[in-house]
2 protein chains.
Amino acid sequence: MATHATTSPKHAEVRTAEQVTELKHQWIEYQRRNALKTTAQRELIVDVFLNGGTSDSHVSIDDLLASVRRRNPKVGYATVYRTVKHLLDAGLAASRQFGDGQTRYEVAGSELRHHDHLICQKCRLILEFEEPEIERLQDSVASRLGGFKVMQHKLELYGLCPKEQGVVGGSCPSEDLRQVESGRR
Amino acid sequence: MATHATTSPKHAEVRTAEQVTELKHQWIEYQRRNALKTTAQRELIVDVFLNGGTSDSHVSIDDLLASVRRRNPKVGYATVYRTVKHLLDAGLAASRQFGDGQTRYEVAGSELRHHDHLICQKCRLILEFEEPEIERLQDSVASRLGGFKVMQHKLELYGLCPKEQGVVGGSCPSEDLRQVESGRR
DNA sequence: CTAGATGCAAAAGTTTTGCAAAGCC
DNA sequence: GGCTTTGCAAAACTTTTGCATCTAG
């Protein structure tokens with residue numbers, strides 16, 4: 001019953017080298033299965049995405065493109081969109097919409113642990129947490145709904161981080177993990 | 001511990017007359033607090049929305065506008081957007097994005113029970129369910145994250161309804177509640 | 001009369017698509 | 001060489017905004 005939710009103490013992308021290697025294997029397999037050609041642009045995009053070339057763990061297409069262009073300025077929007085679609089299809093990326101008008105993508109993969117999100121409604125800080133209990137709950141609901149087969153879930157908690165509650169000495173769990181600086185819409 | 005998830009057996013909008021009355025009270029209060037003027041268009045939009053003039057309980061702006069125009073063809077998009085914003089602000093509407101590219105709105109209100117969603121990834125059927133247990137879980141997570149104050153949550157389960165699993169005699173929990181006919185994008 | 005509301009059209013933002021040129025196999 | 005992929009620009013969508021006009025209070 002020890003439900004232990006955790007925020008990872010380290011910044012942004014926390015993926016071990018082994019995990020990245022495994023993710024790349026999955027990508028290569030996907031490429032093979034779908035007879036995709038290996039192009040410099042696509043490889044770069046996938047690489048940047050999986051390695052979290054951005055300090056941000058929930059990248060928008062813009063974020064991703066910006067990172068990619070730092071290494072190859074000629075890559076176009078369309079290519080990023082098309083590649084991300086492949087990554088989603090391959091199960092290596094998952095999309096999220098936290099209500100700020102932008103679709104964000106994060107790395108997903110069979111060996112990465114599933115997590116959910118907590119979003120500060122004021123400062124737009126995005127925190128991740130794990131809650132094993134929820135899988136149980138998910139199944140219990142599914143079974144009640146007559147044969148529905150649940151494949152995945154998304155749980156988002158919205159609220160206020162200590163800082164935004166006006167707590168003077170409040171210790172924001174991750175002082176500098178702020179994801180969306182000020183919103184861009 | 002009796003976690004009882006339920007799908008409402010009735011179709012689409014299931015709100016009693018009393019509930020609608022109460023919702024309208026809330027709207028009137030909001031109007032007063034914010035010194036909004038009473039205009040025919042806005043009243044119509046609010047009315048259509050709260051009464052679920054659409055057979056759909058998760059309406060998009062387009063859905064809503066279409067219903068509204070059936071009663072007054074001159075109402076414009078902007079007015080609907082602006083009115084929905086008020087409804088959100090008043091806490092009478094809640095927005096959801098189920099990943100089909102459209103923002104959907106549903107009626108919310110203090111006296112209506114909170115519910116979550118189960119979405120069939122193939123046929124886009126949207127089912128609602130209640131799961132009391134999740135509130136507990138939400139609090140337990142929040143307390144672990146150092147002073148975060150959780151205001152609300154969104155839980156979405158994605159999977160396959162019996163019909164789409166290829167189950168021959170599968171009884172889809174709500175044979176005709178299909179929300180999104182085929183996607184419109 | 002006056003501040004707020006409406007409708008239209010234009011603008012802004014995001015995602016998709018058509019197509020010629022370029023690249024992989 | 002043939003089929004895929006790319007990049008650009010245009011198109012398609014959704015949502016927001018500016019502004020002249022209208023209207024509730």
Does [X] have any side-chain hydrogen bond (donor to acceptor under 3.5 Å, both in side chains) partners at least two apart in sequence or in another chain, and if so, which?
{"X": "A:Arg32", "answer": "none"}
{"X": "A:His25", "answer": "none"}
{"X": "A:Arg42", "answer": "none"}

Could you tell me, to 10°, how much the axis swings from one end of the helix from C:dC1-D:dG25 to C:dC25-D:dG1 to the other, five pairs per end? 30°

What is the distance, rounded to the nearest whole Å, between atom [atom1] of [X] and atom [atom2] of [N]?
{"X": "B:Leu65", "N": "D:dT15", "atom1": "CG", "atom2": "C1'", "result": "13 Å"}
{"X": "A:Gln102", "N": "C:dA12", "atom1": "CD", "atom2": "P", "result": "17 Å"}
{"X": "A:Ile61", "N": "C:dT16", "atom1": "CD1", "atom2": "C1'", "result": "12 Å"}
{"X": "B:Lys74", "N": "D:dC22", "atom1": "NZ", "atom2": "C1'", "result": "13 Å"}
{"X": "A:Asp62", "N": "C:dT15", "atom1": "CG", "atom2": "P", "result": "8 Å"}
{"X": "B:Ile45", "N": "C:dG7", "atom1": "CD1", "atom2": "C1'", "result": "12 Å"}
{"X": "A:Arg96", "N": "C:dT14", "atom1": "CZ", "atom2": "P", "result": "20 Å"}
{"X": "B:Asp63", "N": "D:dT15", "atom1": "CG", "atom2": "P", "result": "11 Å"}

Is there a side-chain contact between A:Thr103 and the phosphate of C:dT15, meaning an N or O under 4.0 Å from OP1 or OP2? yes

Taking side chain to side chain contact (heavy atoms under 4.5 Å, CB included) as the test, write out the residues that go with B:Gln97, two or more places apart. A:Gln97, B:Thr103

Hits for side chain to side chain contact (heavy atoms under 4.5 Å, CB included) against B:Gln138, two or more places apart or cross-chain, chain-then-number order -> A:Leu157, B:Val150, B:His153

I'd like to know whether B:Gln31 forms a side chain to side chain contact (heavy atoms under 4.5 Å, CB included) with B:Glu43, so could you lay out the CA-CA distance, the side-chain angles of the two residues, the decisive distance to 0.1 Å, and finally the verdict. CA-CA 11 Å; B:Gln31 264 187 313; B:Glu43 293 309 295; 3.0 Å; yes

For residues 65-98 of chain B, pull every pair meeting ring pair (Phe, Tyr, Trp, His ring centres under 6.0 Å), keeping only residues two or more places apart or in separate chains. B:Tyr30-B:His86, B:His58-B:Phe98, B:Phe98-B:His117

Expected list for residues 80-91 of chain B near DNA chain D, using heavy atoms below 4.0 Å, is B:Tyr81, B:Arg82, B:Lys85

In numerical order, the residues of residues 35-44 of chain B whose heavy atoms come under 4.0 Å of DNA chain C are B:Leu36, B:Lys37, B:Thr39, B:Gln41, B:Arg42

So which pairs with a foot in residues 19-30 of chain A pass salt bridge (Lys or Arg N to Asp or Glu O under 4.0 Å), sequence neighbours left out? A:Lys24-A:Asp47

Closest to the B:Ala78 side chain, choosing from D:dT17, D:dG7, D:dT14: D:dT17

Quick one: list whatever passes salt bridge (charged side-chain N to carboxylate O under 4.0 Å, His left out) with A:Glu156, sequence neighbours left out. none

Sequence neighbours excluded, which residues qualify as salt bridge (charged side-chain N to carboxylate O under 4.0 Å, His left out) partners of A:Arg33? none

Could you state whether A:Ile119 and A:Leu160 fall into the same hydrophobic cluster, counting links through intermediate Ile, Leu, Val, Met, Phe, Trp or Tyr residues with side-chain heavy atoms under 4.5 angstrom apart? no

